[in-house]
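Values below: every heavy atom of this structure, side chains too, minus hydrogens, waters and symmetry copies. As the structure lists them, so they are numbered: ligands from 1, and atoms in each ligand from 1.
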Amino acid sequence: MAQLWGGRFTKETDRNVYLFNASIDFDKRLYLQDIEGSMAHSAMLAKQGIITAEEKEAIHKGLQSIKADVENGTLEITDKYEDIHSFVEANLIDRIGDAGKKLHTGRSRNDQVALDMKLYVRSEIKEVDALLKQFLEILVRIMEENVDTYMPGFTHLQKAQPVTLAHHFGAYFEMFRRDRGRMTDIYNRMNYCPLGSGALAGTTYPLDREFTASELGFTGPTLNSMDSVSDRDYVIEFLSALSTIMMHLSRFAEESIIWNSNEYGFVEIDDAYSTGSSIMPQKKNPDIAELVRGKTGRVYGHLMAMLTTMKGIPLAYNKDMQEDKEGTFDAIDTTKECLTMFMQMVDTMKFRKDVMERSAMKGFTNATDAADYLVKNGVPFRDAHGIIGRLVLVCIEKGKAIDEMSLKELQEISPVFKEDIFEAVSLETCVEKRLTIGAPGIAAMKQVIGECKKYLAE
Ligand code: ARG
């Protein structure tokens, strides 16, 4: 048991208490951040004349050798150490002796762990953002290829009005674009350095907090030392943003599952992203999409756990905060894995354009446009709504789409129908007439796609 304290104790910690208290099992993931923070801290200590230049050199060499040995596998991070901070410091002292004992001058594990976690979350925000960008690039490619792939748009999962596949995927483009915006917002708000806050009340050493903040790429130092060591808002914000990404993925997954079903057949998920059944030889299941949908629950769970952990904690640091790590790490890993698997599944998915188009034609998605046709020919909208309602009923009886009826059959319902009704309710016309920005008409869609591409190129 290697711990950084013990002077005032007369007894060893009980072994089970030691293990209960220890965080090394999960905070070993922060070894790079811990070393990076210690490099900046010791550079600042030397600059301020608190340690000598030689001591700083020795500390830097020692930290670099620890990093190299962890990476090449010669130095194992084990539960002999209470946490990652003890591991790095104990190994440093083993390697360079007394200079190593000076590293922790003007620092507490409280500001140290606040820094390590911030550095870790900060770099993960960038990684999640990069994955989102990759996904948007796949979506925009599919949008470009499908500006004239007609399909039904749904409300209540009932066919409503015709749209295009480009327009449908464009909706997801907007969702994941906003998710990227959240990454930037969180990054900018959290990017202040807690190092130098000490245990809670700063230190009496003449630290240069601006220096360490800038060495570590922060906008500046945090401005209240008690808040600095006990703030985990940014973890909660990140978990919330990850939950929102998972919510978007889960909706998309749900649609992929429905679209891939035998009944819909809008898409075919590639063999490489499907699984079979051990008993039913005919099956090809959308397990990837289902897992993404299912894993959403655990990311939400981690958000709720963190909110609950933080809610009753008095200022400043309390050990409860050690609970910020496992759930956050799992939420990050889960979201990144889901994003990666799901975007590859979408990238390789085949779209059955003919099935989508037939579905749009057969579902009375042009009923609103048929009513609008009557309105343009002088029928008040409320009456037109009733007439088309009756028409749909007749169509259902005859097993026909509106545009499959003869002019004579249509005129039996309303004499207002003329030959130009067929043009007016064709799928192409129905979509093409929707040309305001944000609508599925090809010209409007192409303009939006142009803006999406410009955004991705920025
Ligand atoms: N393992 C602790 C954590 O993750 C490190 C900080 C410990 N500080 C303390 N005063 N016990 O929060």
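Among all non-hydrogen protein atoms, the one lying nearest atom 6 (C) of ligand 1 is Tyr317 OH, 3.5 Å.
Screening Phe169, Tyr264, Trp259 for a ring pair (Phe, Tyr, Trp, His ring centres under 6.0 Å) with Phe351, the sole residue that qualifies is Phe169.
Those atoms of ligand 1 with a heavy atom of Lys325 less than 4.0 angstrom away are 3 (C), 4 (O), 12 (O). When each atom of ligand 1 is checked for a heavy atom of Gln322 under 4.0 Å away, the hits are 1 (N), 2 (C), 3 (C), 4 (O), 12 (O). Counting the atoms of ligand 1 from 1 in the order shown, those under 4.0 Å from a heavy atom of Ser23 are 1 (N).
Counting only heavy atoms from C-beta outward, the side chains of Tyr120 and Leu32 never approach each other to under 4.5 Å.
Annotation: Tyr192 is not in aromatic contact with Phe218 [ring centroid separation under 6.0 Å not met].
In this structure, Lys159 fails the cation-pi test against Phe154, since its NZ or CZ atom is not both closer than 6.0 Å to the six-membered ring centre and inside 45 degrees of the ring normal.
Annotation for Lys325 and Phe26: closest pair CB-CD1, 3.8 Å, computed over non-hydrogen atoms.
Taking each of Glu82, Arg232, His85 in turn, the one with a heavy atom nearest to atom 5 (C) of ligand 1 proves to be His85. Across the listed options Asn110, Leu30, Asp324, Val229, Asn110 owns the non-hydrogen atom lying nearest to atom 8 (N) of ligand 1.
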